[in-house]
Q: 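Got a structure for you, questions after.
Just so you know, residue 1 is the first one in the sequence shown, and it goes up from there. Note that these values count all heavy atoms, side chains included, but never hydrogens, waters or copies made by symmetry. For ligands, and for the atoms within them, numbers begin at 1 and follow the listed sequence.
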Amino acid sequence: MPVAKKRETSTTKPHPGHRPEESVRLLIPAARVKQRLKELAKEIRRDFPTEPLHLISVLKGAVFFLTDLARELGGEVSFDFLSVSSYGKGADSTGEVKLIKDLDVSIEGKTVIVVEDILDTGLTLKYLLRFFEEKKPKILRVVVLLDKVERRIADVRADYTGFVIPNEFVVGYGLDFDERYRNLPDVCVLQFASQGSVNSV
Ligand code: IMP
């Protein structure tokens with residue numbers, strides 16, 4: 001599984017239109033994300049070659065990941081979204097998971113792939129898996145784009161993982177800080193002029 005390390009040659013730059021005290025450092029370029037998505041889609045289709053797949057994403061961080069992955073998967077694919085809150089404003093986890101928007105359609109008897117942006121403490125995924133299992137899907141699998149393995153608290157793991165990343169707060173490709181940076185095409189580490197990067201502790 002690819003491990004996204006700090007890039008020796010990466011530059012830190014302010015993101016146009018955003019706060020002058022914040023800057024971003026490139027971690028995973030958009031092209032690498034795209035390439036890895038093709039590999040993940042192949043892995044998933046190897047396991048479920050002909051099955052209709054029902055993708056479920058958590059708003060809003062995983063939206064780009066879901067839509068890009070859906071286009072790589074081919075075959076019959078449907079999707080649905082739910083919304084939970086696991087973070088307050090900013091970079092720190094509260095450890096609290098609350099359902100804000102439920103699924104639109106039943107998942108009973110379906111082959112469900114939960115599409116998550118990032119696995120951090122794992123508390124959100126643990127909550128989601130319990131929630132989905134009660135709804136009796138035929139199969140339940142998890143794909144995550146990014147995994148901060150060293151931050152794990154809950155005993156959960158993804159079936160398919162894009163990249164293992166270090167314990168740093170990342171933005172871009174759907175991931176936000178205070179709702180900003182989601183539209184960055186690359187996955188980047190968020191840095192403050194005063195502090196350097198924000199460790200998510
Ligand atoms: P967990 O419950 O701690 O695993 O956190 C999962 C959720 O926290 C993710 O779906 C994100 O919304 C958010 N999150 C965790 N780490 C980061 C990060 O580095 N950047 C942006 N959001 C994050």
Q: Taking atom CD of Glu76 as the centre, report whether more than 12 heavy atoms of other residues, nucleotides or ligands fall under 6.0 Å from it.
A: no
Q: Short question: side chain of Thr161, backbone of Phe163 - any donor-acceptor pair under 3.5 Å?
A: no
Q: Tell me whether Asp176 reaches ligand 1 (any heavy atom closer than 4.0 angstrom to a ligand atom).
A: yes
Q: Tell me, yes or no, whether the heavy-atom count around Lys136 atom NZ, taken from other residues, nucleotides or ligands under 6.0 Å, exceeds 12.
A: no
Q: Any chance you could lay out the salt bridge (charged side-chain N to carboxylate O under 4.0 Å, His left out) test for Asp104 and Lys101, step after step, and finish with the verdict?
A: CA-CA 9 Å; Asp104 290 337; Lys101 182 212 164 287; 3.3 Å; yes
Q: Do any nitrogen or oxygen atoms of Val170 come within less than 3.5 Å of a nitrogen or oxygen of ligand 1?
A: yes
Q: If the cut-off is 4.0 Å to any non-hydrogen atom of Glu168, which atoms of ligand 1 fall inside it?
A: 19 (O)
Q: In sequence, state the C-alpha distance, the side-chain angles, and the governing distance for Glu168 and Arg25, and then conclude on salt bridge (charged side-chain N to carboxylate O under 4.0 Å, His left out).
A: CA-CA 11 Å; Glu168 290 182 295; Arg25 171 166 50 79; 2.9 Å; yes
Q: Salt-bridge test for Glu72 and Arg36: reply yes if a basic N is under 4.0 Å from a carboxylate O, no otherwise.
A: no
Q: Any idea how Phe81 and Phe79 line up, ring-wise: parallel (<30°), tilted (30 to 60°), or perpendicular (>60°)?
A: perpendicular
Q: For Asp117 and Tyr173, does a side-chain donor sit closer than 3.5 Å to a side-chain acceptor?
A: no
Q: Is the shortest N/O to N/O distance between Thr121 and ligand 1 below 3.5 Å?
A: yes
Q: Run the numbers for me: atoms of ligand 1, each under 4.0 Å from some heavy atom of Gly122, listed by number.
A: 1 (P), 3 (O), 4 (O)
Q: State the atoms of ligand 1, each with its element, that fall below the 4.0 Å cut-off from a heavy-atom position in Thr124.
A: 1 (P), 2 (O), 5 (O), 6 (C)
Q: Just which atoms of ligand 1 are under 4.0 Å from any heavy atom in Glu116?
A: 10 (O)
Q: Taking the ring of Phe132 and the ring of Tyr127, is the distance between their centroids below 6.0 Å?
A: no
Q: Could a heavy atom of Lys126 be found less than 4.0 Å from some atom of ligand 1?
A: no
Q: Run the contact test for Gly61 against ligand 1 with a 4.0 Å cut-off on heavy atoms, strictly below, and give the result.
A: no
Q: Using heavy atoms and a threshold below 4.0 Å, how should the contact between Leu175 and ligand 1 be classified: side chain, backbone, both, or neither?
A: side chain
Q: Going by distance only, is there an N or O of Val171 that falls short of 3.5 Å from an N or O of ligand 1?
A: no
Q: Determine whether any heavy atom of Lys148 lies closer than 4.0 Å to an atom of ligand 1.
A: yes
Q: Would you kindly specify which portion of Arg151 sits under 4.0 Å from ligand 1, judged on non-hydrogen atoms: side chain, backbone, both or neither?
A: neither
Q: Taking 4.0 Å as the limit for heavy-atom contacts, which would you say applies to Leu125 with ligand 1: side chain only, backbone only, both, or neither?
A: neither
